[in-house]
Structure formats: structure tokens, C-alpha cells
Amino acid sequence: MAEAADFPGMTPSPARRWLRRTGALLAGAPLLAGLLQLPAAPAQAVGQTSAKEASDAGTVAVTVDSLSPAAPSDGDTLTVSGTVTNNGKQAVTDAHVGLRVGSALTTRSAIDSAAKNADALSGNDGSEVGGKYVTEFAKLTPGVSEHFSISVPVDKLDLDEDGVYPLGVSLEGETSAQPWEQVLGVQRTFLPWQPEEADTPTRTTVLWPLVSTVHMSAETGSNAQQTPVFLNDDLAKELSPGGRLEQLLSLGRELDVTWVIDPDLLASVDAMTGSYRVRGDGDTTTAGTHQAVAKQWLDNLQDAVLGKEVVALPFADPDLASLAHNGTGVAGSLSQLKAATDVAATTVETVLHVTPNTDFAWPVDGAVDPSIVKVATSAGADKVIARSDSLTEDGDLTYTPSAARPIGGGTTAVVADERLSTAFKGDLTKASTATLTVQEFLAQSLALNLQTGKQRSVVVAPQRMPTASQARSLAEAVTTLQGGTWSQSQQLAAAAKAKPDPGATTKVPSSSAYPSSLRKQELPRSAFEQIAYTQDKLDNFKVILANEARVVTPFGRAMNREMSTSWRGRSTAAGSFRQGVQAYLDTLTGQVKLIDKSETKLSGRSATIPVTVQNNLVQGVDHLVLRLTSKNPTRLEISDEAYAEQRVTVSGGHTTTVKFTTSAKVNGQTTVVAQLYTEDGQKYGEEVAFDVRVTEITATVMLVIGGGVLLLVLAGFRMYTQRKRAAAREAQETDETEEDGEDGADEAGEPADGPENAGDRENRPEKESGGRAGAADPEQPSDETPDTAVESADPSGTGERVDR
């Protein structure tokens with residue numbers, strides 16, 4: 001007002017200037033005070049931002065190691081235990097751990113989302129239960145872990161309707177940089193709440209797989225028991241206390257589950273109960289020593305499966321997807337699957353004394369396409385265990401349908417729930433991870449049940465070979481489930497027969513939809529080609545054996561193992577195993593062979609050529625034909641045909657020599673080829689080629705030989721006449737002696753023989769007792785010749801002569 005009264009160009013008086021300054025000062029005091037307070041607001045905002053950043057960082061790690069009971073009911077007390085670890089650089093003071101219960105999750109996808117953000121600080125966790133239901137810490141030192149345990153009555157958690165509630169375990173505290181209470185770490189899990197029995201409980205089938213890798217080789221001992229040879233001693237580790245298979249057995253026997261068993265595992269363990277050997281370095285083997293462990297495991301398994309459903313996979317659990325995608329174009333591959341299926345039931349019945357169900361095929365991870373379904377059912381199975389991430393729902397269903405789906409051709413797809421089946425795939429060695437996995441499994445199961453009031457059948461098909469820790473977590477979840485209020489156990493066969501949901505998908509996905517990650521792990525076409533080659537060689541070998549079962553059985557099972565699903569991700573080991581089977585078969589077939597021959601000389605127009613066949617097998621061989629062929633029939637003829645053949649039979653561990661009559665037409669050298677064949681005309685083993693040199697005999701030599709023969713004939717005739725005359729004289733003397741006995745001696749006192757016979761008496765051979773010639777008498781042509789020595793199986797020497 002005063003300034004407004006001033007006129008322009010006029011200077012205010014000193015008094016007026018003083019009044020104006022004082023008024024301005026008084027009027028600006030409130031504004032100054034406000035300005036002085038402005039820095040406080042930004043400071044607070046900065047503090048709030050820092051707290052949010054700290055919260056998102058989660059400087060304190062919270063782990064939940066146990067939650068009991070996993071599915072509480074009315075009147076229960078929930079106990080949550082775990083640890084908190086200060087991962088920051090500053091100490092946390094005035095800290096405490098408390099529980100927070102959020103709003104119920106109404107869908108299965110909501111559970112998925114919550115599980116992905118289990119340790120994020122931001123989220124709607126509800127208010128803290130607080131009060132005495134906390135664990136306090138005066139100070140959390142950086143890098144130090146502290147244990148906590150909170151027990152709270154369930155009625156303090158404000159659980160209303162049935163459902164799945166997110167349960168947050170959070171740590172609140174202060175730091176020197178942020179001296180106010182804030183959430184510094186959280187871990188969320190799930191609390192299934194179904195205190196009363198459900199009106200329509202879910203019928204749940206849990207598959208309990210007993211499957212292992214390949215352990216036995218094709219090699220067996222040459223003794224009567226055919227002692228098996230194992231690739232390594234890993235199976236003994238799995239069967240021993242604390243081992244994977246021992247854990248699966250001890251846990252599964254307490255549950256109501258469907259046992260899914262690979263018969264090869266049973267056969268391998270059964271082989272271990274007797275004498276067995278383990279392959280070492282190179283070609284060495286050592287005696288196995290875990291017979292007691294194997295026998296105990298089998299005894300326990302026999303008890304565990306009594307009265308339970310047992311499903312037998314084809315022998316060695318063949319990889320159906322690899323066969324469908326890479327093996328059907330190779331002749332005989334489907335026959336291998338049929339053989340593996342046929343022997344499955346017999347193996348289980350023999351070892352476990354129960355009759356298994358062989359109607360189910362189980363492709364890897366339940367992933368199917370039309371070719372896999374076709375192959376899976378080609379050996380007799382009419383039910384395929386698939387998974388819901390393969391047969392995905394494309395309709396308007398608002399709930400998870402039952403497992404059974406007719407997919408055409410009289411085949412039923414039993415679709416396992418993907419969320420429940422894959423829940424236990426991770427590393428569950430830590431208690432905290434295992435606890436969260438169990439709670440998520442139970443949450444998904446309850447959420448599935450609450451989707452609709454319709455009765456449904458659900459199948460849980462875990463991974464084929466769970467680890468011991470995975471098996472323990474799965475068993476814990478199944479134990480809670482089977483003792484809970486919203487699920488009841490059901491066998492796999494019953495699940496397959498359940499009435500399908502009308503709106504459930506029945507369309508098998510195309511081959512292009514098959515996961516590329518699984519396709520990369522498949523056995524290549526070359527693997528099936530190698531199996532086919534081994535089978536052809538086995539078929540050619542078995543026809544000559546006196547007891548083919550000693551070879552056909554171990555090699556047949558070895559070829560089943562070559563197709564095993566367990567080779568996925570182990571291509572190098574798979575190739576080594578196939579090569580080992582083939583090499584061992586080559587070794588056995590090589591035990592029956594022709595002995596090499598060096599050059600043979602024929603002195604004359606006709607002679608015999610010996611060829612030796614050696615059998616180093618334990619058993620005899622038969623149904624073999626030895627064929628001898630002359631490369632130059634105009635010079636050396638073996639028969640009227642292009643070749644000569646003779647059937648061959650050789651006892652185990654022996655050799656035999658076959659002789660062929662030949663006819664030489666001209667002098668010179670000729671190559672002769674000996675080759676073994678099976679009776680159906682298939683070549684067996686390697687041929688043996690050798691040279692035959694023919695030399696003509698001269699006329700002079702023939703005359704000398706002829707003269708010698710004539711002399712031998714004349715000498716023989718003279719000896720014959722002398723013996724005949726001597727025999728006549730003996731007869732005459734006998735007659736005269738008899739007459740002398742009657743009439744006495746003659747008047748002159750001479751013997752009955754007159755002087756005229758004296759010369760004859762001198763020429764008589766002296767007689768020994770018995771009337772036989774003396775030992776010094778010459779050998780007669782009619783005398784038996786001595787036995788010849790055993791013919792050597794070694795290659796004949798240079799210049800070998802043959803029989804003529």
C-alpha cells in the first residue's frame with residue numbers, strides 16, 4: 001500500500017523505507033519457514049526410494065527348510081523353520097521373522113506365477129501375523145546365517161474358504177543407512193487348506209518307476225552257468241543302502257502307487273545274485289562281490305509289489321521316439337521291439353513272481369506324434385502314456401480333464417498332468433528347495449480338485465530315473481496327498497478305463513510339434529543299422545550251433561539294450577556299447593574257422609587234398625558245408641561240378657579234417673579256395689586260398705615202381721607156396737605118427753619119417769609154443785597197421801604232401 005502510494009520518480013523517505021522492509025520481513029517469515037523445511041521432504045522421498053531399492057535387492061536371504069504339516073487341518077499348529085542370512089554389507093538390527101498369509105489363489109496359473117516370484121520383496125503378502133508368533137534377532141551380522149522356527153495355531157492365520165494360500169516368510173529390520181523398519185528378505189510358499197473331505201476327491205494315479213541304465217554286456221563265461229559280465233559295478237552302488245534304487249524301493253513300498261519296471265533291471269539284479277564278473281581295464285574282468293546286496297534288494301521288491309499293480313515296460317525300455325523317427329526305415333528294427341515286449345512279462349514273472357500289465361507304452365517325457373503312437377502300439381500295447389504338454393487342450397474347458405483320451409485305432413492315450421509330473425525334476429538336495437517343491441505340488445493338486453465338482457482321474461508320471469533326493473521329495477508329497485482330504489489313490493489300468501471328458505482333446509500333435517530338445521537326444525539311424533548288421537550276423541551264426549540258446553539269448557537281450565532310452569544324452573557311451581556287442585560276436589564267430597594252408601604238391605594224376613576246420617567254441621557246430629573250388633579246373637579238377645562240397649560237424653574244442661579227391665590234368669600251379677557255408681548257402685567266415693603244384697611222374701620211375709611191385713608179388717607167392725607145402729607135410733607126419741602109435745616103430749628102429757624126408761625137415765620153420773611164428777618173423781601184408789597220430793591243427797608246412 002505504501003509502495004503504491006509512491007509516485008514515480010520520487011525517492012521514498014527513510015522512515016517509509018524502514019517500514020517497507022519491516023513489513024516485507026514479517027510477511028516473508030512464513031514463506032522462509034516453509035523454504036527452510038523444503039529439504040526435509042526430499043530427504044524423506046530419497047529415503048523411501050532407497051528402502052524400495054533395498055527391498056527389491058533382498059539383502060537378507062530367507063529359506064524355508066521345513067513346513068509341518070504340509071497340508072494343515074483344523075486344530076493343527078503350523079511350524080515353519082528355516083534360516084536367514086545377511087548377504088549385505090551392513091549389519092541388520094532390530095530384526096524379526098514373521099509369517100504373512102495372502103489372499104487365496106484361485107487358478108493353477110496363479111500358483112505358477114507366485115512360484116516364479118517366490119523371493120521377490122514386492123507383492124501382496126497380506127498383513128503379518130505378528131505378536132508372539134515371530135522370531136527376533138537383535139543383530140544380523142553380514143555373511144552370518146541364523147536359524148528360526150515359528151509355530152502358530154492354524155486358527156490364527158485367518159484361513160477362510162478352501163483353497164491355496166500364499167504363505168510369506170519375511171524378515172524385517174533396520175540398517176545404519178536406512179534406520180527404519182523395512183522388509184529385507186522374503187520367501188513365499190503355499191499353504192493348501194482343505195480341512196474337510198472333498199465331495200468329489202480327485203482319483204490320482206502315481207507311477208513309481210524302477211528303471212536304470214544298461215549294466216550288462218553281451219559277454220558271458222564259457223562255463224555251463226554262462227557267468228555274466230557287467231560293464232561296471234555301478235548297479236551295486238544303486239542297490240546298496242542309501243543308493244538310488246534302494247531309496248526308491250524303501251520309499252515306494254510304503255505308498256499306494258503303480259510300479260513301472262524295466263525287466264532288464266530285474267534280469268541284471270537277478271544275475272548279480274549268482275556268480276558274475278565286472279569288466280576292468282582292457283580285457284580284464286574281476287569277480288563281483290555284491291551278491292548279498294542284490295539278493296536283499298530283490299527279496300524286498302518281491303514283498304513290496306505283492307498286491308500292487310505292476311506295469312512292465314519292454315525289455316531294456318527301448319526308445320520309442322528314436323525308433324519311430326530313425327529306425328523304422330531299417331529292416332528288423334520293429335522286430336527288436338516285438339522281441340523286447342515278448343520277453344518282458346516272462347522276466348517279471350520269473351523274478352518277482354507276479355503277473356505284470358504289458359498294455360502300456362511310455363515314450364520319453366510323454367511326448368507323442370503319430371509315428372510314435374504307431375510304433376508304440378506295433379508290439380501289442382494299446383495304451384500310450386502321454387503328457388499334457390504334448391496333448392495340449394485347445395478347447396473351452398475351464399478345468400483339467402481326466403487322463404484317458406481315445407485317440408483312434410483302438411488306442412487310448414493316458415495323459416499325465418504336466419505340472420504334477422515335472423514338479424520334482426530339479427536339484428532337491430537342499431531341504432529348502434525340497435520343501436518348496438512339495439508345497440507347490442500339493443497346491444497344484446488341490447487347485448486342480450477345486451476347479452470343478454466333477455469327478456476326474458489324474459496321472460502323475462515323474463521322470464524315469466529320479467535321484468534319491470527327488471524320490472524322497474516325491475514320496476513326501478505323495479504321502480501327504482494320500483493322507484489328505486481331496487485325493488484318493490487309483491491304479492493306472494483304472495485311470496485308462498475312466499470315462500473321458502467330452503471336451504478333452506484327442507488330437508495327436510504332428511511330428512513338427514515334437515520338441516527339438518528331445519529330438520536332438522535320439523539314437524541316430526546309424527545305430528539301428530548297426531543293430532540290424534549284428535542281428536544278421538547272429539542269424540548266420542546260430543544255425544551252425546548245437547545249442548543256439550547259449551548265444552541267441554544273451555545277444556538278443558544285448559541288442560534290446562542297444563535301443564534303451566537310457567542312452568539319451570550319452571551318445572558316446574551308446575556307440576561304445578554297440579561296438580562292444582558287435583566285436584564280441586565277431587570273436588565268437590571267429591572261433592569256428594578254416595586252418596590256413598601253405599602250398600601243396602601233387603605227385604601224380606590223382607590225390608586227396610585235406611582241409612582242416614577248427615572249432616574253439618565250448619559247444620559243437622553242425623549244419624556247416626565246406627566247399628573247395630579250383631580256380632583253374634582245366635589244370636586241377638576237384639569234381640565234375642565247379643566245386644566240391646562236404647558237410648562238416650566239429651565237436652567243441654576240436655578240429656576235423658575233410659579230404660577232397662582231385663584229378664590233375666596237366667603239370668603246373670593252381671589256386672584252390674576253401675570256404676565254409678551254412679546249409680542255407682550263406683558264407684561263413686573267411687575263405688582260405690592256397691596253391692597246389694602238380695608234377696608228372698616219368699616212365700622210368702613208373703618202371704622201377706612196377707618192378708618193385710612185381711618183386712613183392714613174387715616174393716609173396718613163394719612164401720605162400722612154402723607155407724602150403726609145409727602145412728601138407730605136417731598133415732602127413734601127423735597121420736604117420738598116429739599109425740606108428742598103433743604099429744610101433746619099424747624094424748630098423750627108425751622114425752616114421754624115412755631118410756628121404758630129411759631134406760624136407762630142414763626146410764621146415766621152427767615152431768614156437770602155440771604153433772605161431774616167432775617175434776622175428778617178417779610183418780605180413782595182412783597185419784593191422786598201427787593208429788596214426790592226431791593230426792595237427794597248425795598250418796601245413798611248405799611243400800606239404802597229400803594222400804594219394
Side-chain angles (χ1 to χ4, degrees), residues 544 589-617 620-679 681-709 712 785-804:
I544 74 169
T589 57
Q591 300 301 305
V592 180
K593 62 182 180 180
L594 297 171
I595 299 298
D596 290 336
K597 291 178 66 66
S598 57
E599 182 183 77
T600 302
K601 294 180 180 179
L602 297 182
S603 299
R605 292 300 181 185
S606 63
T608 60
I609 297 179
V611 179
T612 302
V613 183
Q614 184 180 59
N615 175 19
N616 287 329
L617 296 174
V621 296
D622 198 354
H623 309 293
L624 271 177
V625 174
L626 176 58
R627 180 182 297 179
L628 199 65
T629 305
S630 173
K631 292 292 187 180
N632 190 350
T634 59
R635 176 170 293 175
L636 180 66
E637 186 180 80
I638 298 178
S639 71
D640 295 337
E641 304 295 334
Y643 53 82
E645 287 185 344
Q646 291 191 48
R647 182 170 175 173
V648 178
T649 300
V650 190
S651 301
H654 289 75
T655 61
T656 188
T657 300
V658 182
K659 296 183 179 181
F660 291 87
T661 302
T662 62
S663 176
K665 295 183 178 181
V666 295
N667 291 347
Q669 182 173 297
T670 301
T671 299
V672 176
V673 176
Q675 174 69 62
L676 288 171
Y677 286 83
T678 59
E679 286 188 340
Q682 300 294 319
K683 283 187 177 182
Y684 183 90
E686 299 294 331
E687 66 180 29
V688 170
F690 56 95
D691 294 331
V692 176
R693 183 177 298 278
V694 179
T695 57
E696 185 178 0
I697 301 176
T698 63
T700 303
V701 174
M702 291 295 294
L703 289 174
V704 173
I705 294 175
V709 172
L712 287 174
T785 59
D787 293 339
T788 59
V790 177
E791 187 167 359
S792 172
D794 297 330
S796 53
T798 304
E800 174 189 31
R801 296 284 182 174
V802 299
D803 297 336
R804 292 186 292 115

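For the numbers below, each heavy atom of this structure counts, side chains included, while hydrogens, waters and symmetry mates do not. Count residues from 1 along the sequence.
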Residue list, side chain to side chain contact (heavy atoms under 4.5 Å, CB included) with [X], at least two apart or on another chain:
X: T656; answer: V613, V648, V650
X: Q591; answer: T587, N616, L617
X: T629; answer: R627, Y643

Once rounded to the nearest 0.5 Å, what's the spacing between atom [atom1] of [X] and atom [atom2] of [Y]?
X: R693; Y: K601; atom1: CZ; atom2: NZ; result: 7.5 Å
X: I638; Y: S630; atom1: CD1; atom2: OG; result: 5.0 Å
X: L676; Y: E687; atom1: CG; atom2: CD; result: 11.0 Å
X: I595; Y: T657; atom1: CD1; atom2: OG1; result: 9.0 Å
X: T670; Y: N632; atom1: OG1; atom2: CG; result: 5.0 Å
X: T608; Y: F660; atom1: OG1; atom2: CZ; result: 11.0 Å

Test item: [X] and [Y] side chains (from C-beta on) under 4.5 Å apart, heavy atoms:
X: Y684; Y: T589; result: yes
X: K659; Y: Q646; result: no
X: V611; Y: V688; result: no

Nearest heavy atoms of K597 and I609, plus distance in Å: CE-CG2, 4.4 Å
Partners meeting side-chain hydrogen bond (donor to acceptor under 3.5 Å, both in side chains) with T649 (sequence neighbours left out): D622
Results of side-chain hydrogen bond (donor to acceptor under 3.5 Å, both in side chains) for T678 - residues two or more places apart only: D680
Polar side-chain atom of N615 near backbone of V592 as donor-acceptor pair, under 3.5 Å: no
Donor-acceptor contact below 3.5 Å, side chain S651 vs main chain G620: no
Residues which pass salt bridge (charged side-chain N to carboxylate O under 4.0 Å, His left out) with E686, listed by chain and number, not counting sequence neighbours: none
All salt bridge (charged side-chain N to carboxylate O under 4.0 Å, His left out) counterparts of D691, not counting sequence neighbours: none
Atom NE2 of H623: over 12 foreign heavy atoms under 6.0 Å: yes
